[in-house]
Undergrad: 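Pasting in a structure now, in structure tokens, and then I'll have a few things to ask.
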Amino acid sequence: MDRALIPAGLKRCSLPVFGLWMLLLFGVIGWGVFAGAVVLLKAMNVTGLNDYFGFGAYITVDLAIIALGAGAFFSGFLYYGLSRFFPSLKELGKIINLAVVVGFVCYTGALAILVLEIGQPLRAWFGYWHANVHSMLTEVIFCISCYAIVLIVEYVPVVLENRKLCEVKPIKVFGRSLHDVMAIFALTGTFLSFFHQGSLGGIAGVLFGRPYAYRAGLFIWPWTFFLFILSAIASGPAFTALICGVLEKVSGKKLVDRSVYDLIGKIEGVLLSVYIVLKIADTAYWGLVQSPGLGLKMGDFYWGPYGIWLLIAEIGVCGVLPAMILLWPAGRKSNFLLFGAFFLDIAGVSLNRFVMSIPAFAAPVMPFDKWQVYIPTVYETAPTLAMLAYCALIISLSYRYLPLFPREKELNRA
Amino acid sequence: MSEGRHAQGGVRFGMVIDLDKCTGCGACSVACQAENNISFRPDESNKLRSITWMSIFELNNGGHYPDYKYAFLPRPCMHCDSPGHAPCTFVCPVNATTRDENNGIVTMVYPRCIGCRYCIVACPYHARSFNWWDPKWPEPMESMLSPEVSTRMRGVVEKCTFCHHRLLAVRSKAYKDGTDPDKATYTTACADACPAKAIVFGNLLDPQSEAARLSKDPNAFQILKKLNTKPKVYYISAHDWIRKLSDNAVA
Amino acid sequence: MRQKKSKALASKPLGAVFSLSGFIVALVVGWIVFPNLLYSKKAQPLNFSHAAHRSEECESCHSLRADGTYSGIPGISRCRECHESAQGNSREEASLISDYVEKNREVVWKVYGRQPDNVYFSHAPHKGRGLECTRCHRDVSKEEKLPAYRQNLITGYSLSTMKMVECEKCHASKGASNNCEICHK
Amino acid sequence: MNFGRRAFIQAAGGAIGGILVSPLPWQLAADSAKWSQNWSWRPSPERGEITRAAGVCTMCEGGCAVQVRLVNGNRAISIEGNPANPLSEGGICPLGASGLQFLYAPYRIAQPMKQTGRRGDISGLKPISWEEALGELGKKLGRMRAEGKSRELAGIISNSASSMSDLWLQFFTSYGSSNLFRMPSAADGLRLAAQLTTGKASPFAFGLGNAEYILSFGSNLFEGRGVASLVFAALRQWTREGKRSVKLVQVESRCSMTAARADRFVAVEPGTEAALAMGIAHVMVRRGCYDVDFVKDKVFGFEDWSDNTGKKRRGFKNLVSSAPYTPEEVAKVTGLEAAKIEELAEEFASRQKALAIWAIGQADNVNGAYHHLAFAALNALKGNLKPNGLVSLAPAVPLAGLPPVQKDPGADESAGPPGLDVVRSGSAPYRRYGFYEFLDDVREGSKCSVEMLLVHEANPLYSIPENKLFEQALEKVPTLVSFSSYMDETAAKADLILPDHTAFERYVDVVGIPCAPFSYYALGAPVMKPLLDTRHTGEVLLRLAGSIGAPVRASMPWKSYEEYLRFRVQGIAQSRKGAIADKPDVPIIKLSSAQSVQPNYSSGEELWKKLKSGCCWYDAPSPVAGFETASGKFELACRSIGAEGALGDDKLYLPHFAPAELSGSESEYPLLLVAYKPSYTTVGYLPTPSFMNKLIPDKVLQGGDILIELHPQTAAELKFAHGQRVFLKTTQGGAAVRVNISEAARPGVVYMPQGLGHWAYDLYVRGKGANANSLMEVHLDPVGLMGTLLPCRAQLRSEERGNL
């Protein structure tokens, strides 16, 4: 059966090896599922959260993974949308399937974690039924679920390209026709993901009671709304590229032309530098103009483990540095520098999501209030790790049984 | 537009707490627990998970012994009057917490709350507590529960309601007696209990009410005024070092 | 391969039948079987004939207290005022006397309209606005026998508990406040 | 089969469609959400009519009138203040507001119990019927008395003044034992000092409401309990017009809540408040700025005097003017600058209506007799003891006296082993304060033996300082009978338990408020049926009296406790004194003997009804008509202390600073340990209720760990970090504690909160920190033989477990 499912003419590692890898992943997932069950049954006291840290590991990982996932699919937008005008973007077609898979796993994974994050999962649907239009979280709930659907729709045709499934005529037809309308989905998807990414940024940005997180902005949208979108698209494609790179390393095969990486590098370089410039401007305004107006100086926002290093790491090491590497042609030439930059880029954006969901609320606002430190328990780490394992699982399966990379065959003719 | 909605209603319930009268005895906090069926656990020493609607913060002048001074600040929900929305009501995705624009009370509906804790994150006063555990009363202490306030279930957020069930009670009586329910006034459990009479509760828009008078006292102040959350809870102190602690002032 | 295909073609009309039958079965289950499964019928501990008490004023048993709260269903002491001894020889009457009045036990009526703990409902404002009892309650003036009490197996609430949307509609139409804390405690 | 599968899929497809257009999935979603409204097994309080019943709070001596809210008249749900009460004006303290948590406490004792196993073994305590319990106890008491062992009956009761304590006294006297003891408290010292100086055995009372300047020597005014009602009434009085009109100066070593809220905090070495008082007296005398007339006419022993053996004795003036009390000397002892002492004295002397207070509140007695005298002396110098002065004697409530005790016809008084009264003759002039000496004698077992010990509303095994004394004494007592409502430490050790009702299930009364310059009486009738199979100890005593013997029965003729209270209240009615306060605006706190209160009740019956309805009775104090001392004056030189000429050293007659010999070497125990009573714990008969657990700050208790206060400098010297686990050791015992580095602490002193470290009750009370009482050392005061709790030497060792 396994053989039959593997795309024609492609080499894959032997079933036992793959089985072992699956076993490992399922192990982690099982562990996480168990931990999750405990959280649901015993209530949230098993987590490290408390009344000073309403948001913790769950939210952080969700924000990060969604940023990367949604951003990943940004390359879909570039391919289906913009390539009409910029033919050079056609290159991305060679990696687009992977981008879809990444987007899909990230979103579905994030959704699963969200169920644990709320105290009354049975009421999760209130978000649609009794929506408060003012709440950024409402925006998130709507977008995240709509977008998850879109991603499923986009993932389906990829799945349908499986050799065995293609044998069934109607399925094949269905799959093909889906492909043709994919552009529309890609565009709606992108719009949703933009909006949704923005509202995620809004979540922290609108909190006018929390000077650390609060940002002024356009209309109802704080600057974080736009910064989150930018940072997502400035890191997502890099994420896809990095995963692709890892796949190549693991499988020992060439999956896409080097030119694709270079192109992504170029795109990300531009986007990241735009983002980082704006981020610096935003930080300067926030730290030097807005906060003093609220009675606080930047120093009040950094303490102990949540020290100023966060800012330096996020903007300097993981922002300016990778941006420069990616803009620098020679930098893109070297695999080490290119993928290093990709990695830093991703780390930086993840760090940003961490800052916006934990230190931002650890900082005391009342003058007589005190700093607190949040330490996640295994009941938070396990499910999040399981979620990552799930992503790895789907990606591995997709790579093994679906023709993700149109050029794989040619590239590996020996 | 929210401003417009905001303006309506001649009633804005608020509170004035005189920190110079307060001895920090905690009667307000306990009376509140008894009035509102607040659950308790064997170990309440983790203050970050201890449910209290009226928490008592300790302020100190940063001095050194023997010039060290401290005072106590009872902190109910501030029932923020910020235009349109309070920090918490603005973010609740399911309208579980809203502000009644007829009287300014920020309410909380437990069966609606999905427990996302966004409001907890939004509140700079830490006025909100999450039910981390199933509420359990040791036998036979359930007999002590008041039917006037529903007990909360696990996984939802709760906070001070300005004892609005007492408002409902007086309004109900007003309807029965045929008097104007909108004129009906009441006090909260904490204000009733305070043995030093440091807590005064009333309609801030009624010039006759003592609360309104005190809220205009030269020594009256709000906490974190700069955030423009417009708390309806005022504090009074003649001590500069206490008033200094009312807001962040960049040195 | 080809054989399979022909089969598939052959079964096309049949297929429609199958799915249609599935559809209908589901409808029956969803609309008829399920609701009946969901609500259990529970009998009252004792039958009470409102018709038999027509001579009495409603208020003489269901009244507002001085503090504006509603007395609800009267306690056994109120029953005793007339039913110190049996008023007739029905089985119900006998049980009322022997099981409750004499033992001075309260009758544990199942309240059809009982709202959950988190709901605050006061009769005073509604009465004050001149609403008819029958606007919300069933007309009991001629009722000989108490209807069965139907309890939702999942929620444990009574079937005839008024839904929030009903309250909201009326409040909206009457221009009454629909703020949460008006009805929730 | 292929076919079947296809059909199945098609049918399923249709079914899914059908289900989606039926209410099923949506109803399920909605109902599961509704189900979560009761997630999970959320208690649902019984509904019904809410009423209020009046009562009086007896959880401390404060005597606040309260209201209990009831559902359907039988389920108490909360306690509120009574707005009609002039003392509380509707206010209530956290303990009062938590009161019902004792009524519904899981650790309540549900019915009489008998220890069938080894003493102290909870599982050995088996339920028995009231008939058995009373029968057994009655038989034993009867036998003891018949055998002439009545003196071997001893009792320990609470120190709050109520008709219950009078009934206990009546019971013991008629039974023939004088070994009835109240739990020790600071009031003992106030009473002793008053008796020594004025010759009257009622404690000093302070006119807080009329003072304009208050110099408090370590009184924890704002730490709650005790006189909380009085203090809060005064506090409201002071702040009537918005700003505080009274200057409060707090003298003590720790920056307590009172010190922090005072207008001025005078920080002195622990236990040296009296030295400062003497220093202030020195300055006042030197500058001659004291009430010269009063001192001349009404004070004895200010100038030198000669006892009736003709021996010349130093007077107070002479004493304070000399060496140890010059500001410079006092500065050395107290750690204040001399200039500050001068200035403080100046301020106290010059201010109008300046009052020196001490030993107020539910405090341990931290001063020996001579220190009490020193504080009293300051008031004497201010002339505060004049009629209508700021200091008076707690006026008596004119309750009907109990009938004279009848002696057994022909009973030989000398028969049987001697009682403690005989044993301790001569050892001290005022033996009635000798609770600790009693414990000593029982421990040693040589001087006297106790066959049976009765304990009511007291938990000495936990709550007296140096509680191991009681534990050791208990080993010598064959039978311990507890009347406790709760399974407290002492009750757990009992051989027989006859559980009392809790407040609000029974008749209670409050006879006067400690340190209050007005007389006060309040009464509480039961507001609900008793929850458990318990009985009012008063009724139990009456019942026992009946079964013991004719004379005892005759001395306690009442059928019920209610009848007994009615009888007592008639006394007030007959006296035609005082009035009922049914409005809050009665200026009760400002009353002085200048005013006279007109009775506003006609009959005893009306008085009883009014009292039952929650109104309190009050009266202005009668002016202190002269002093009943040998000299007929206020005696600065207390001649009654020693038989004339018996005392060699003149200063033993006079107020002076008498530091005690602390056990342990300073080298081994370089620090001082001071136990303090915080507002958020309870320290007496009642444990801290769960509601109040939420008030205990995490700088005092973290999980099971108690934190002690240490000054940053001391902590630095010892290299202790905040929160570090250390071991605290005194000559009496040790405890694992953690460090709370605090600016409220005086360098070199360790401050430990009391009221924690219970090992009985339930898991809401148990296992929270350590009990300070088991580390403290009690000194016997030479004059009154009362236990005096002085700071004791201590050491801190860092524990290996390290920081946390």
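The structure displayed is predicted, hence computed values, not measured ones. First the proteins, then the strands, lettered A, B, ... as listed; each starts at 1.
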Undergrad: Under 4.5 Å from any heavy atom of chain B, what part of A/Gln372 do you find: side chain, backbone, both or neither?
TA: side chain

Undergrad: Flag the one option from A/Leu122, A/Thr138, A/Leu114 with the top tally of heavy-atom pairs under 4.5 Å to chain B.
TA: A/Thr138

Undergrad: For the pair B/Asn248 (side chain) and A/Leu294 (backbone), establish whether a donor and an acceptor sit closer than 3.5 Å, ignoring hydrogens and angles.
TA: no

Undergrad: Say you draw a straight line from CZ of B/Arg117 to CZ of A/Phe53; how long is it, rounded to the nearest 0.5 Å?
TA: 13.0 Å

Undergrad: Picking from A/Pro292, A/Gly293, A/Gly209, A/Pro211, which has the most non-hydrogen pairs under 4.5 angstrom with chain B?
TA: A/Gly209

Undergrad: What do the steps show when you test A/His134 against B/Val91 for side-chain contact (heavy atoms from CB on, under 4.5 Å), and what is the final call?
TA: CA-CA 7 Å; A/His134 300 279; B/Val91 301; over 6 Å; no

Undergrad: If you count heavy-atom pairs within less than 4.5 Å of chain A, which of B/Asp247, B/Val94, B/Leu227, B/Leu48 leads?
TA: B/Leu48

Undergrad: Side chain, backbone, both or neither: which part of A/Ser357 has a non-hydrogen atom closer than 4.5 Å to chain B?
TA: neither

Undergrad: Could you tell me which portion of B/Leu73 (side chain, backbone, both or neither) has an atom closer than 4.5 angstrom to a non-hydrogen atom of chain A?
TA: side chain

Undergrad: Quick one: of B/Pro124, B/Gly115, B/Ser50, who has the most non-hydrogen atom pairs under 4.5 Å with chain A?
TA: B/Pro124

Undergrad: Heavy-atom distance under 4.5 Å to chain A: side chain of B/Ile223, backbone, both or neither?
TA: side chain

Undergrad: Look at B/Val121, B/Val156, B/Ile120 and state which one has the largest set of heavy-atom pairs under 4.5 Å with chain A.
TA: B/Val121

Undergrad: For B/Ala96, which atoms come within 4.5 Å of any heavy atom of chain A: side chain, backbone, both, or neither?
TA: neither

Undergrad: Counting only heavy atoms not in A/Trp371, do more than 12 fall under 6.0 Å of its CH2?
TA: yes

Undergrad: Dump the intermediate steps for side-chain contact (heavy atoms from CB on, under 4.5 Å) on A/Met44 and B/Arg154, then the final yes or no.
TA: CA-CA 9 Å; A/Met44 299 198 70; B/Arg154 76 149 71 153; over 6 Å; no

Undergrad: Where does B/Thr98 contact chain A at under 4.5 Å (heavy atoms): side chain, backbone, both or neither?
TA: neither

Undergrad: A/Ile141 and B/Pro93: which non-hydrogen atoms are nearest, and at how many Å?
TA: CD1-CB, 4.2 Å

Undergrad: What class does the angle between the rings of A/Tyr52 and B/His126 fall in, given that below 30° is parallel, 30 to 60° is tilted and above 60° is perpendicular?
TA: parallel

Undergrad: Please walk me through it: do B/Arg112 and A/Arg123 pass side-chain contact (heavy atoms from CB on, under 4.5 Å)?
TA: CA-CA 8 Å; B/Arg112 173 66 67 81; A/Arg123 306 177 185 173; over 6 Å; no

Undergrad: Please state whether the side chain, the backbone, both or neither of A/Asp300 comes within less than 4.5 Å of a heavy atom of chain B.
TA: neither

Undergrad: Considering all heavy atoms of both residues, which atom of B/Cys116 and which atom of A/Phe55 are nearest to each other, and what is their separation?
TA: O-CE2, 3.6 Å

Undergrad: Between A/Phe126 and chain B, which part of the residue has a heavy atom less than 4.5 Å away: side chain, backbone, both or neither?
TA: both

Undergrad: Could you tell me whether the side chains of B/Trp132 and A/Asp51 share a donor-acceptor contact shorter than 3.5 Å?
TA: yes

Undergrad: Nearest 0.5 Å, what's the NZ-CG distance between A/Lys42 and B/Asp134?
TA: 12.0 Å

Undergrad: So, do B/Pro87 and A/Leu207 sit near enough that their side-chain heavy atoms are less than 4.5 Å apart?
TA: no

Undergrad: So which atom in A/Pro367 and which in B/Ser246 form the shortest heavy-atom distance, rounded to 0.1 Å?
TA: CG-C, 4.2 Å

Undergrad: Checking B/Phe57 against chain A: side chain, backbone, both or neither under 4.5 Å from a heavy atom?
TA: side chain

Undergrad: So for B/Cys123, is it side chain, backbone, both, or neither that comes closer than 4.5 Å to the heavy atoms of chain A?
TA: backbone

Undergrad: What part of A/Leu49 is in contact with chain B, defined as an atom under 4.5 angstrom from a non-hydrogen atom: side chain, backbone, both or neither?
TA: both

Undergrad: Return yes if some donor-acceptor pair links the side-chain N/O of A/Asn50 with the main-chain N/O of B/Lys47 below 3.5 Å, else return no.
TA: no

Undergrad: From the options A/Ile118, A/Val140, A/Ile59, A/Leu137, select the one residue that forms a side chain to side chain contact (heavy atoms under 4.5 Å, CB included) with B/Tyr118.
TA: A/Leu137

Undergrad: Name the region of B/Leu224, side chain, backbone, both or neither, that has any atom closer than 4.5 Å to a heavy atom of chain A.
TA: side chain

Undergrad: May I ask you to check whether over 12 heavy atoms, not counting those of B/Lys244, lie within 6.0 Å of atom NZ?
TA: no

Undergrad: Where is the tightest heavy-atom contact between B/Cys92 and A/Ser135, given as atom of each residue plus distance?
TA: O-CB, 3.6 Å

